[in-house]
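What follows is one structure encoded as structure tokens, with my remarks underneath.
The structure displayed is predicted, hence computed values, not measured ones.
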Amino acid sequence: MNNSEQIEGRSLAEILKIRREKLQKIKELNFNPYGYEFPKTHSCNDVIDNFDQLENEATVKVAGRLMAIRRMGRASFCHIQDEDGRIQIYFQENKIGKPGYKLFKLLDIGDIIGITGSVFKTRTGEITVAATELKLLAKNLRPIPIVKEKDGNVFDAFTDKEQRYRQRYLDLIVNPSIKEVFKLRSKIIQWTREFLDGYDFLEVETPVLQPIYGGAFAKPFKTFYNVLNRDFYLRIADELYLKRLIIGGFEKVYEISKNFRNEGVDRNHNPEFTSLEFYQTYVDYNYLMDFMEEYFKFMIKKIGKSQFEFGEHIIDFSNPFEKRKMFDLIEEYIGCDVKPLSEDELRSLCEERGIEGKPGYKYGKFIELLFDNFVEHHLIQPTFVIDYPKEISPLAKTKRNGSDKIVERFELYIGGQEFANAFTELNDPTEQRERLEKQSRLRELGDEEAQAMDIDFITAMEYGMPPTGGVGLGIDRVVMLFTNQKSIKDVIFFPQMRT
RNA sequence: GGGCGCAUAGCUCAGUCGGUAGAGCAACGGCCUUUUAAGCCGUGGGUCGCAGGUUCGAUCCCUGCUGCGCUCACCA
């Protein structure tokens, strides 16, 4: 890394040196290259949108980053870019004065400037600000990639993914259209709050730093708390804390939380990701399915369309979401009913189909294995998969009027991917203790992702936890869906990169 | 972690069937007061990701490493 920087630096060095020399010249001309403030009167788009009122009368003040310069002797055109748009600036020596034009000549693409001027339309019809005053607000010392465009064709786009992710600020400057993705991300989170607040949910905060991690199956990030002289973990989920609040008497709570999982990074996984969890007392998973459907209907209404291109698929939210039993789906896609099969029979079935469980896999894991391999990717339109094996759902309540091996749980699949996971929550502390003890045994047998026994949580439940339904929803994936991004890296400003 | 692919100027890319590299944009100098991928003339800029190996000679071939992408595994 250091070596390559030196090599790059050699050719960059000249450019950097020239920029610093310009900085010096600017100072010598008694201009401050780093301004303190600039009271804008309009954004670039404001000027364009209000051209009719602004033309030939008002003085406007606009500010932004210089993105293009076309010098023609004693007059020049530029474009500046602000958060939402661009506008052309016209510099004329006899309008802005000799000192001003001298300063202008020392500008580079990438500088941040403030312009005072009047609004007009050029010969070719482009709305432009004719500068009467130029204020340098921040001198650029490092060249930014130059992207040009004509008739919708982009030339020399800044496309290197590594650099775009590592220097996201450059990506945002040079590829401003990606801002739309992040703006929608922000909206989605805002609308999620609006939706839940509309149902009188309480937004809460629970610990990120946890002495025992739980609520999901995942490997945690571990840290050490010096004062307490013990290990702590970054949360993999906030479930067990939200349930403590339910026990405490709050009836509807939610948290939008960063969770951390010490696992592989790929197109769909970032070690640090955002999820929504919400819990509502006195409802079950049937209620939650309707509620989730309503949530998505709320979102698409906000966005303003009901069909979304997502990779090679079109996801249509206008139809009711399907509800399918996990075992029925497995039967449909592998052509055999696995309900009556024993653990050993399931193991052989998996082997026959060319998939292999890891050592220590049990009944529920084999069911999951079959589902993941043969069913998941078929579930394109929004589908609730319901009734999961108990063994892989230690926090969910046993299915009423059904097999003792099944729990009341659903996952929502869209575009072949899991979006949400929900249960009728187990509220029987005795059973909860047994289930977590079983997990502990698996853990001792080497299953790193088995859940830990959380005695404090069991104790809390022994005080009485009302019947509750709870949902976890992957916010990053929702953003990917609604913005048609193929990689989670494209919906997270600063995705995890190797250092 | 496995497989495949990529890494050449600040950016986007060419190229060398092995003889140490080019273009456009950007930069620098000059001309130009309605341009817009501005134009015209001129100039500079690269130990071709890193480390080894083969070779008279490697940016090119081989091996290893690093990073990124795709994919599989993993992943509730």
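A gap of 25 Å separates the P atoms of B/A58 and B/U66, to the nearest Å. Going from the P atom of B/U16 to that of B/C61 covers 11 Å, rounded to whole Å. Rounded to the nearest Å, the gap between the P atom of B/G46 and that of B/G52 is 22 Å. Taking atom P on both B/U20 and B/C60, the two are 14 Å apart, rounded to the nearest angstrom. Look at the P atom in both B/C72 and B/A9: the space between them is 32 Å, to the nearest Å. Separation of the C1' atoms belonging to B/C50 and B/C40 is 43 Å when rounded to the nearest angstrom. B/G64 and B/A21 have their C1' atoms separated by 26 Å, with the value rounded to a whole Å. The gap from the P atom of B/A38 to that of B/A26 amounts to 7 Å, rounded to the nearest Å.
One can place OH of A/Y165 at 12 Å from C1' of B/C70, the figure rounded to the nearest angstrom. Straight-line distance from the CG atom of A/N153 to the C1' atom of B/G24: 15 Å, rounded to whole Å. Atom CD1 in A/I355 sits about 14 Å away from atom C1' in B/C74, given to the nearest Å. Regarding A/N373, its CG atom lies at a distance of 11 Å from the P atom of B/C72, rounded to whole Å. In this structure, A/L12 places its CG atom 7 Å from P of B/C11, rounding to the nearest Å. Rounding to whole angstrom units, CD1 of residue A/I89 and P of B/U33 are separated by 20 Å. Atom pair A/K150:NZ and B/C25:P shows a separation of 14 Å (rounding to whole Å applied). Nucleotide B/A27 holds its P atom 10 Å from the CG atom of A/L66, rounded to whole Å.
Here A/F91 lies out of heavy-atom contact (under 4.0 Å) with every strand. Among the heavy atoms of the strands lying under 4.0 Å from A/D266 is at least one base atom, whether or not backbone atoms are also near. Using a 4.0 Å heavy-atom criterion, one finds that A/E418 contacts the sugar-phosphate atoms exclusively. Within 4.0 Å of A/E368, counting heavy atoms only, lies at least one base atom of the nucleic acid.
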* Trace of the side chain to side chain donor-acceptor pair (under 3.5 Å) decision for A/S275 with A/N259 -> CA-CA 7 Å; A/S275 73; A/N259 293 342; 3.0 Å; yes
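A/D108 has a carboxylate O that lies under 4.0 Å from a charged side-chain N of A/K22, or vice versa, which qualifies the two as a salt bridge. Electrostatic pairing of A/K17 and A/E14 does not count as a salt bridge here, judged by no charged N lying under 4.0 Å from a carboxylate O. A salt bridge is absent between A/K121 and A/E55; no separation between the charged side-chain nitrogens and carboxylate oxygens falls under 4.0 Å. At a threshold of 4.0 Å, the pair A/K405-A/D387 does not count as salt-bridged, since none of the basic side-chain nitrogens sits closer than that to a carboxylate oxygen. The pair A/R65-A/D111 fails the salt-bridge criterion, with no side-chain N (NZ, NE, NH1 or NH2) lying under 4.0 Å from an Asp/Glu carboxylate O.
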Is there any protein nitrogen or oxygen under 3.5 Å from a nitrogen or oxygen in nucleotides 38-42 of chain B, and what are the pairs?
residue : atom : partner : partner atom : Å
B/A38   : OP1  : A/K148  : NZ           : 2.1
B/A38   : OP2  : A/R70   : NH1          : 3.4
B/A38   : N6   : A/R71   : O            : 2.6

Anything under 3.5 Å between a protein N or O and an N or O of nucleotides 12-15 of chain B, put it in a table, one pair a line.
residue : atom : partner : partner atom : Å
B/U12   : OP1  : A/D160  : N            : 3.2

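The side chain of A/K22 places an N or O atom within less than 4.0 Å of a non-bridging phosphate oxygen (OP1 or OP2) of B/C28. When the side-chain nitrogen and oxygen atoms of A/R19 are compared with OP1 and OP2 of B/A27, none of them lie within a distance under 4.0 Å. The side chain of A/R166 contributes no N or O atom lying less than 4.0 Å from OP1 or OP2 of B/G67. An OP1 or OP2 oxygen of B/G69 is reached within less than 4.0 angstrom by a side-chain nitrogen or oxygen of A/K489. For B/U71, the OP1/OP2 oxygens have a side-chain nitrogen or oxygen of A/R267 closer than 4.0 Å.
Exactly one residue among A/F384, A/F371, A/F321 makes a ring pair (Phe, Tyr, Trp, His ring centres under 6.0 Å) with A/Y413. That residue is A/F371. When A/K161, A/R164, A/K179, A/R166 are each tested for a salt bridge (Lys or Arg N to Asp or Glu O under 4.0 Å) with A/D171, only one passes: A/R164.
Aromatic ring centres of A/F182 and A/F493: separated by under 6.0 Å. The six-membered or imidazole ring of A/Y213 lies near that of A/Y233, with a centre-to-centre distance under 6.0 Å. Here A/F291 and A/F278 bring their ring centres to under 6.0 angstrom of each other.
Because its NZ or CZ atom is both nearer than 6.0 Å to the ring centre of A/F104 and within 45° of the ring axis, A/R71 counts as a cation-pi partner of that residue.
Put simply, the side chain of A/R20 reaches to within 4.5 Å of the side chain of A/L141, judged on heavy atoms.
Distance from the side chain of A/K161 is smallest for B/C70 among the nucleotides B/C70, B/C11, B/U35. Listed nucleotides B/U34, B/U35, B/A27 differ in distance to A/I109; the shortest reach to its side chain belongs to B/A27. Minimum atom distance to the side chain of A/M497 is reached by B/C68, of the listed B/C25, B/G44, B/C68. Here the nucleotide nearest the side chain of A/R498, chosen from B/C28, B/U35, B/C68, is B/C68. Picking from B/A73, B/U33, B/A27 the nucleotide with the shortest atom distance to the side chain of A/I15 gives B/A27.
Pairing for B/A7 is with B/U66, a Watson-Crick or G-U wobble pair whose two hydrogen-bonding atom distances lie under 3.5 Å. Across the strands present, B/U16 finds no partner; the criterion is a Watson-Crick or G-U wobble pair with both atom distances under 3.5 angstrom. In this structure B/G39 sits in a base pair with B/C31, meeting the Watson-Crick or G-U test at under 3.5 Å.
Between A/P143 and A/H79, it is A/P143 whose nearest contact on RNA chain B lies nearer the 5' terminus. Along RNA chain B, the nucleotide closest to A/L369 and the one closest to A/Q496 are compared, and the more 5′ of them pairs with A/Q496.
Counting distance only, with no hydrogens placed and no angle test, the side-chain atoms of A/Q92 and the base atoms of B/U33 include a donor-acceptor pair under 3.5 Å. Applying the 3.5 Å distance criterion, the base of B/U35 shares a donor-acceptor pair with the side chain of A/Q88.
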